[in-house]
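Down below is the structure, laid out as structure tokens.
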There are 2 protein chains.
Amino acid sequence: MAESTARRLEPDMSGTPGQNAELSETSWGRSSSRSAKPSRRRESISHTAIVNGAIDVLDREGLDALSMRHLAEVLGIGAASLYWHVGSKDGLLDLVLDQVVGETKIPEPDPDRWQDQLKDVARAQRAMSLRHPWFVRVTLGRIPIGPNSLRHSEHVLAILRAAGIPSHVAVQGYLLLVSAVNGFTIDETGVEDSPNVIDLPRDGETRQHSAEMARDYLAALPPSQFPNMTSLADEFALADTDERFELLIDTFVAGLARHVTKS
Amino acid sequence: MAESTARRLEPDMSGTPGQNAELSETSWGRSSSRSAKPSRRRESISHTAIVNGAIDVLDREGLDALSMRHLAEVLGIGAASLYWHVGSKDGLLDLVLDQVVGETKIPEPDPDRWQDQLKDVARAQRAMSLRHPWFVRVTLGRIPIGPNSLRHSEHVLAILRAAGIPSHVAVQGYLLLVSAVNGFTIDETGVEDSPNVIDLPRDGETRQHSAEMARDYLAALPPSQFPNMTSLADEFALADTDERFELLIDTFVAGLARHVTKS
DNA sequence: ACCTGAACACCGTTCAAGT
DNA sequence: ACCTGAACACCGTTCAAGT
């Protein structure tokens with residue numbers, strides 16, 4: 001019950017330490033609290049421990065399981081203590097999101113490869129949302145303004161600008177890309193929460209089963225009223241999400257490419 | 001406090017009565033409950049009244065305000081009574097969503113105008129999400145399977161098929177369109193809940209203000225680390241959502257058009 | 001067939017009080 | 001400076017009991 005502050009660093013953060021300090025206290029990997037002088041006294045629960053604990057709970061128990069009371073219990077402190085550190089659950093979720101955004105690395109702009117680079121950015125965003133199935137739902141009402149989020153935006157914009165896309169289209173296109181990917185992954189992550197539960201048999205089986213249920217349901221509709229739904233029931237139920245995602249970024253990037261100013 | 005079951009039918013439902021009966025008890029505009037014989041006894045709170053009451057609460061008080069207890073109070077019944085009719089809050093939300101989807105009308109397929117028709121479908125979906133700012137957030141984990149949702153899918157697919165788009169691409173494209181529009185409107189509706197509150201001064205002002213705040217925030221970033229964010233601060237903060245939406249459906253429809261089989 | 005009050009097991013947040 | 005227990009005002013849902 002006290003082993004939950006570790007394990008947060010598997011994905012891509014390695015090799016890039018300290019890249020996100022000094023911009024805000026929303027930083028990661030340091031135990032610095034909001035004052036500059038090193039905290040004496042006996043440790044006190046750190047910002048980092050709280051954020052990583054929250055991510056742990058989210059990843060393994062799902063979004064619904066993250067209550068301030070439960071998180072406090074996991075961390076071994078009183079529920080009210082959390083409020084001294086993060087102000088509110090909303091504030092905590094802001095920190096959590098920025099932390100997780102920091103997992104994704106964006107490459108240096110290469111003007112000749114901008115289309116592939118942009119697709120990779122989209123794929124990385126989707127992969128992150130699948131690693132943390134709660135991410136998109138938490139992101140909803142929020143405007144991401146943490147240091148990692150800002151860096152992310154900066155780097156993607158750099159790619160678009162280097163490609164020769166006019167600034168106006170670059171900004172609109174970037175915003176569009178993010179929302180389109182989010183919209184896409186919502187459907188993938190919305191139904192099954194907490195995929196890391198105990199030992200749920202790698203639910204290829206479960207997914208398959210519910211897909212067949214859906215297909216049967218659609219196929220059983222009255223064909224006179226639903227000629228397309230019935231004849232396309234297979235396509236609908238068995239639609240490959242990987243393929244669909246590639247279709248998304250393909251058409252999107254192709255659409256943006258029309259705005260590249262020849263030079 | 002008893003005047004809340006009316007008013008639900010302004011938008012487009014007029015002139016098309018009874019179009020959604022007989023497919024399921026999720027129907028609208030009838031007081032039929034799940035048995036065929038007409039309900040004698042004194043009225044009993046109807047399915048319709050509950051669903052419309054919920055939509056009323058959602059529209060005027062926001063998503064957070066919709067609790068079973070509050071809805072029951074508005075309807076003048078006990079909270080537990082709701083469960084006899086709708087089973088659970090989740091079940092109620094399914095009915096609510098399908099009801100609201102029924103507001104949108106899809107035109108008959110006209111192969112020569114399919115691109116405009118598809119764009120109109122997307123615009124109608126966005127408009128509906130803006131009328132009911134809670135819609136996208138409620139839709140998240142759900143697979144819409146009510147009668148109105150099925151009819152909606154059927155009609156959009158008809159347009160795509162009539163255009164000569166291969167069935168596989170048509171299905172993937174349709175799913176993509178829905179999720180892209182949802183992803184887009186999430187950002188528009190996520191922040192401001194319950195826009196119909198008392199007399200909030202038609203928040204063009206509010207919106208303007210927060211946009212300027214965001215612009216100032218971005219512009220104040222260190223230019224050495226954030227050359228693009230700082231130079232594009234205006235574009236970011238003042239980005240026109242209507243224009244961005246048109247950019248979305250433009251590139252999307254153009255992308256789909258590449259798959260039309262010449263005939 | 002329908003509706004109820006009361007209860008169960010939760011929430012986020014505040015606040016006086018402790019060290 | 002940090003942490004706490006207890007309280008406030010809520011949740012969704014169940015269930016025995018009423019008519």
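Just so we're on the same page: letters track the sequence lines, and every chain starts at 1. Computation of the quantities below employed the complete heavy-atom set of this structure, encompassing side-chain atoms and omitting hydrogens, waters and symmetry-equivalent molecules.
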For dA17(D) and dC2(C), measure between their P atoms and round to the nearest Å. 22 Å
So, is Ser81(A) near the phosphate of dC2(D), with a side-chain N or O under 4.0 Å from OP1 or OP2? no
Mind checking the OG1-CZ spacing from Thr189(B) to Arg131(B)? Nearest 0.5 Å is all I need. 13.5 Å
Nearest-angstrom distance from the residue atom NZ of Lys89(A) to C1' of dC11(D): 12 Å
Residue mapping more 5' on DNA chain D - nearest nucleotide basis, Gly78(A) or Ala80(B): Gly78(A)
Atom CH2 in Trp134(B), atom CG in Asp64(B): separation rounded to 0.5 Å? 13.5 Å
If you round to the nearest 0.5 Å, how far is CD1 of Ile50(B) from CG of Leu92(B)? 7.5 Å
Pick base, sugar-phosphate or nothing for Leu66(B), based on heavy-atom distances below 4.0 Å to the nucleic acid. sugar-phosphate
Working to the nearest 0.5 Å, report the span between CD of Gln125(A) and CG of Asn182(A). 5.0 Å
Name the closest nucleotide to the Ser67(A) side chain, picking from dT13(C), dT4(D), dC11(C). dC11(C)
Whole-Å gap separating P (dC2(D)) and CG (Leu75(A)): 16 Å
Expressed in angstrom and rounded to an integer, what is the separation of Asp90(B) atom CG from dC11(D) atom C1'? 15 Å
Send over the distance from Tyr83(A) OH to dA16(C) P, rounded to a whole Å. 17 Å
Whole angstrom value for the distance that separates P of dG12(D) from CD of Glu73(B): 13 Å
Atom pair distance, as rounded to whole Å: CZ in Arg69(A) and P in dC10(D): 15 Å
Got a donor-acceptor contact below 3.5 angstrom from the Arg142(B) side chain to the Asp90(B) backbone? yes
Send over the distance from Trp84(A) CH2 to dG18(C) C1', rounded to a whole Å. 16 Å
Please check: side-chain N/O of Thr185(B) versus main-chain N/O of Glu188(B), any donor-acceptor pairing under 3.5 Å? no
Just to confirm, is there a sub-4.0 Å distance from OP1 or OP2 of dC3(C) to any side-chain nitrogen or oxygen of His85(B)? yes
What integer number of Å spans the C1' atoms of dC3(C) and dA16(D)? 13 Å
Any side-chain heavy atom of Val96(B) sitting closer than 4.5 Å to one from Leu66(B)? no
What integer distance in Å separates His70(A):NE2 from dG12(C):P? 11 Å
Can you list the stems that include DNA chain C, where a stem is three or more consecutive Watson-Crick or G-U pairs with distances under 3.5 Å? C:4-8 with D:12-16, C:12-16 with D:4-8
